[in-house]
Every structure is written in C-alpha cells, then in structure tokens.
Amino acid sequence: DSQVPAKWASLGLELSLVDFKKGEASSEVARAIQSGAFHAIVVCDLSDLGCFDVVEQQLGPVFQRFTDAGGCIAFTTSKGLLLCPVLGRIFGTAWQPSGYTRATWRRCNSKRIAASFPT
C-alpha cells in the first residue's frame, strides 16, 4: 500500500521496508539492522519453510546483537509452531510452542467499537 509510509509519518514514525527475498538479501537486511537507524523491527511473513534456517543462521546473531543493544523485534508468521524453536535457539530461551486458534474476521460495527472504547 503506497499510503503506508504517509500514515506512519503522520504518527511521527518512519517506516523502511527491506525485502529478505527468501534469504538472497540477508546481507542487505543485516546491514540495515546494524545501521543503528532502527529501534524496532517487524519481521513479516516468515511463512516460507525454507526461510527459517537462513534466518537463524544468517540473521540470528544480528538479531541477538540488536536486542542486546535495546532494540525490539516482533515476528509475524502463520508458521508460529515452527518459529518458536528457532527463536528459542536464537535468543537462548526455553519457549515451547503450544496451541493456536483460528478466527473468522468480518466487517466491524464502528459505532459499537466507538461506544466500547471512548476517547
């Protein structure tokens, strides 16, 4: 969506997109992370099963240094049961996968939401 950077800028935030390209651009991603320009990273869509090994081997140490320096990382994926042990190895945690749920999404009633969460 070409409007995303403008929306973030209106909130006083900056958004930079770096494509991992299934591991082909891992050195570009590492350079971006190590540049010191970011305080937070969102790693999106690790749903290609071949990416997990590349992420762990090539970016795992970069992620460790980033978080050790105070950075925050969020991982989004539809393969959470596979990601959990990878993150455990990267960050030295005892995280274990558990269950998951599915949700059906539909258009919301904005008046009801506004009434439930008044500003």
Quick one: side chains of residues 80-88, donor-acceptor pairs under 3.5 Å with protein atoms, not counting sequence neighbours, listed by atom name and distance.
none

Sidechain-backbone polar pair: Glu56 side chain, Ile90 backbone, donor-acceptor under 3.5 Å: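 Here the side-chain-to-backbone pair does not exist.
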Closest approach of Arg89 to Gln64 (non-hydrogen atoms, all atoms of both residues):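 In this case the closest contact between Arg89 and Gln64 is O-NE2, 4.5 Å.
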CZ-CZ distance between Phe63 and Phe91, expressed to the nearest 0.5 angstrom: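 The distance works out to 7.0 Å.
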Value rounded to 0.5 Å, distance of CD1 in Ile33 from CD1 in Ile73: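 Output value for this atom pair is 6.5 Å.
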